[in-house]
Amino acid sequence: MAASVPRLRFAPSPTGYLHVGGARTALFNWLYARKFGGQFLLRIEDTDKARSTDESTRAIFDGLQWLGLLWDEDVVYQGANVGRNREDAYAMLAHGTAYRCFCTQAELAERRAAAEASKESFKYDRRCDRLDSSEIERRVTAGVPSTLRFRVPEGTTSWDDLVHGEIAFPNKDIEDFIILRGDGTPIYNMAVVSDDIFMQITLVMRGDDHISNTPKQILLYRALGSPLPQFAHLPMIHGLDGKKLSKRHGATAVSDYQHLGILPGAMLNFLALLGWSPGHDIEVMSLARMRELFDTDGLQRKAAIFDPKKLEWMNGQHLSLAPVDELALIVGPALERAGLTSAAELADREAWYHALLELLKVRARTTDDIVRQAEPFFRDEIGYDAEAEAKQWKDRPSTRGLLAGARDALAALPSWDVEGMEGALRALAERSGFGDKAGRIFQPLRVALTGLSVSPGIFDVLAMLGRERSLARIQSAVVHLSDEQA
RNA sequence: GGCGGUAUCGUCUAGGGGACUAGGACACGGCCCUCUCAAGGCUGGAACACGGGUUCGAAUCCCGUUACCGCUACCA
């Protein structure tokens with residue numbers, strides 16, 4: 001038989017932001033579709049009008065786009081399909097796989113409470129299914145409101161889950177659930193099945209909190225005479241305390257990480273490893289590589305805990321690996337937002353800017369780190385970090401002399417190149433009696449040049465700052481140290 | 001309560017009966033490199049939930065217990 005093209009969908013409800021858990025579900029759906037030449041569709045489940053907002057829908061689009069998880073075909077809005085969902089429900093009524101229920105919500109709540117009080121588990125007793133046709137006819141013509149309930153058949157419902165293997169539910173544990181509300185709108189399971197059939201979904205890959213919905217949905221597929229898709233239930237993502245990831249664990253929206261300076265590729269890589277492993281100890285991967293390696297065999301069954309530390313490490317890896325010209329596009333706007341430079345300046349000094357990124361990216365974990373570390377290279381005036389000053393400029397008179405010496409040695413250089421600078425400064429160290437401990441000059445000098453005790457190598461700093469600015473900064477430090485004495 | 005799912009280092013995981021004195025990564029400690037910080041290299045401590053089976057042999061298969069999670073709405 002000809003294998004059909006896989007069609008998968010990501011179906012979030014627009015009731016908040018794009019959650020990292022949702023992003024991971026989207027990623028696995030995307031990977032599977034792309035790897036096997038299928039389609040990845042997006043369906044916005046906005047049937048809960050009270051909680052759905054356009055803003056949330058926008059956030060889902062933005063998040064997916066930022067991550068580079070682009071979908072095929074037009075976005076499907078579930079709310080637009082209620083008509084067809086309803087028709088499907090009525091078709092079941094016509095075929096006798098569903099029946100009208102006249103019980104009111106109040107009655108149901110009362111019976112449920114009574115059952116609970118006597119410690120019995122409540123299950124709809126099918127009383128409306130025992131009504132004779134004339135009575136049903138009478139109530140319908142009298143305008144008595146009714147819902148549609150699915151008549152659960154005998155037997156057991158099972159499927160071969162792509163991540164869990166065989167899962168079976170005895171039908172006796174499933175009650176005759178409502179598929180259509182009194183107002184004619186479909187209940188979740190009805191809408192999902194109706195839409196998945198219409199969209200010709202072949203693999204439903206979603207969170208494992210949907211496992212107990214699955215037998216109901218399978219029953220619905222059968223009642224509608226449609227072939228079953230495959231199912232794959234992904235484990236949940238929990239916070240550091242082992243509980244379901246929520247707001248109190250800190251950032252849970254994809255956009256939060258975007259604003260924290262995380263690279264989309266790193267986010268994706270980190271998320272992929274939460275519940276999936278390609279084996280062979282492979283960890284750092286590009287999206288393209290994940291797509292090559294993806295396989296449902298590597299999917300995990302256990303919930304994973306979201307560890308921000310590892311995300312940061314992962315981001316550092318991606319930062320180091322990222323080509324500077326690509327990184328420049330992301331860091332540039334961030335530098336502008338920080339008020340350090342303008343797009344025009346960056347374009348003007350592109351080679352210099354790229355060289356700076358090359359120096360900073362390896363020692364940064366987020367793009368925010370890069371911006372922070374880039375500050376001394378853009379500002380005209382710098383301040384001195386108190387701790388750095390206290391530690392590296394401990395003996396101020398001698399430090400002043402040292403810096404003046406460094407200033408003169410550097411100023412005397414015929415050309416501003418690393419070899420010359422290194423030779424001159426190491427010679428100065430010798431003369432100062434530091435022997436090969438040239439760091440005793442480099443460290444105070446670093447503070448003079450950057451105001452910080454942490455920076456790229458001192459010669460790189462001098463080179464990036466340039467002759468004029470470097471000498472001026474050292475001079476400022478000398479003056480600063482003199483003022484202190486006065 | 002009922003039903004379902006899950007269970008390897010603190011965390012992410014490899015492992016799919018003998019290759020396991022259980023491997024890698026994050027985090028943590030030490031060492032090396034070194035002008036600082038990173039990065040990198042080396043290295044240390046750290047796990048098969050428990051109890052029964054099956055088997056010549058179980059982290060791997062089966063059963064039970066425990067713990068955790070999910071569902072149990074005219075929410076999605």
Which nucleotide in the list [options] gets nearest to the side chain of [X]?
X      : options             : answer
A/Q317 : B/G4, B/A39, B/C35  : B/A39
A/D48  : B/A76, B/U36, B/C74 : B/A76
A/N213 : B/A76, B/A25, B/A73 : B/A76
A/R446 : B/A25, B/C71, B/C35 : B/C35
A/R363 : B/U36, B/A25, B/G5  : B/U36
A/R51  : B/G5, B/A76, B/A39  : B/A76
A/I187 : B/U6, B/C74, B/G5   : B/C74
A/D173 : B/C37, B/C74, B/C3  : B/C3
A/I305 : B/G70, B/U11, B/C37 : B/U11
A/R112 : B/C74, B/A76, B/A7  : B/C74

Side-chain N or O of [X] less than 4.0 angstrom from OP1 or OP2 on [N]?
X      : N     : value
A/T47  : B/A76 : yes
A/H164 : B/U6  : yes
A/K119 : B/G2  : no
A/R301 : B/G5  : no
A/R365 : B/A39 : yes
A/R426 : B/C35 : yes
A/Q392 : B/C35 : no

Tell me the partner of [N], counting only Watson-Crick (N1-N3 plus N6-O4 or O6-N4) or G-U wobble (N1-O2 and O6-N3) with both under 3.5 Å; none if nothing fits.
N     : result
B/C50 : B/G64
B/G57 : none
B/A25 : B/U11
B/G17 : none
B/A73 : none
B/G45 : none

Using the [atom1] atom as the point on both nucleotides, what is the distance between [M] and [N], in whole Å?
N     : M     : atom1 : value
B/G5  : B/C61 : P     : 15 Å
B/C26 : B/C62 : C1'   : 35 Å
B/A19 : B/G57 : C1'   : 14 Å
B/C3  : B/U65 : P     : 12 Å
B/U60 : B/A47 : C1'   : 15 Å
B/U8  : B/C48 : P     : 10 Å
B/G15 : B/G51 : C1'   : 23 Å
B/A49 : B/U6  : P     : 14 Å

Tell me which of A/L273 and A/S320 sits closer to the 5' end of RNA chain B, going by the nucleotide each one is nearest to.
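The residue mapped nearer the 5' terminus is A/L273.
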Heavy-atom nearest nucleotide on RNA chain B for A/A304 versus A/F442: which residue maps closer to 5'?
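The residue mapped nearer the 5' terminus is A/A304.
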Whole angstrom is fine here: how far is it from [atom1] in [X] over to [atom2] in [N]?
X      : N     : atom1 : atom2 : result
A/F102 : B/C74 : CZ    : C1'   : 15 Å
A/D460 : B/C37 : CG    : C1'   : 13 Å
A/F169 : B/C3  : CZ    : C1'   : 7 Å
A/R111 : B/U72 : CZ    : P     : 19 Å
A/E116 : B/G1  : CD    : C1'   : 9 Å
A/R206 : B/A76 : CZ    : P     : 14 Å
A/W313 : B/U11 : CH2   : P     : 18 Å
A/E422 : B/C35 : CD    : P     : 9 Å

Looking at B/G23, does its base get a donor-acceptor pair with the side chain of A/D281 below 3.5 Å?
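Indeed, a donor on one side and an acceptor on the other fall under 3.5 Å apart.
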Is A/K310 side chain donor-acceptor paired with the B/A25 base, going by distance under 3.5 Å alone?
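Counting by modelled atom types and ignoring angles, a donor-acceptor contact under 3.5 Å is found here.
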Would you call the rings of A/F169 and A/W159 parallel, tilted or perpendicular, taking 30° and 60° as the class edges?
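Taking A/W159 first and then A/F169, their aromatic rings lie parallel (interplane angle under 30°).
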Could you tell me how the ring of A/F270 sits relative to the ring of A/F306: parallel (under 30°), tilted (30 to 60°) or perpendicular (over 60°)?
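The rings of A/F270 and A/F306 stand perpendicular, inter-plane angle above 60°.
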Is A/R149 positioned over the aromatic face of A/Y124, cation under 6.0 angstrom from the ring centre and no more than 45 degrees off axis?
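Here A/R149 passes the 6.0 Å and 45° test against A/Y124.
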Taking the six-membered ring of A/F150 as reference, does the cationic atom of A/K216 (NZ for Lys, CZ for Arg) lie under 6.0 Å from its centre and within 45° of its axis?
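Geometry flag: not set, cation outside 6.0 Å or 45°.
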Do the side chains of A/F434 and A/I441 get nearer than 4.5 Å, heavy atoms only?
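Side chain of A/I441 against side chain of A/F434, heavy atoms only: contact under 4.5 Å found.
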Sub-4.5 Å side-chain heavy-atom contact between A/I174 and A/L219
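Of all side-chain heavy-atom pairs linking A/L219 with A/I174, at least one is under 4.5 Å.
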Can you measure from CD1 (A/I179) to CD1 (A/I187) and round to the nearest 0.5 angstrom?
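Answer for the CD1-CD1 pair, A/I179 versus A/I187, is 10.0 Å.
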Does the side chain of A/Y188 come under 3.5 Å of the side chain of A/D48 through a donor N or O and an acceptor N or O?
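Result is no, nothing qualifies.
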If the test is side chain to side chain contact (heavy atoms under 4.5 Å, CB included), which one of A/D297, A/T296, A/D295 qualifies with A/L299?
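Per the side chain to side chain contact (heavy atoms under 4.5 Å, CB included) rule, the option paired with A/L299 is A/T296, out of A/D297, A/T296, A/D295.
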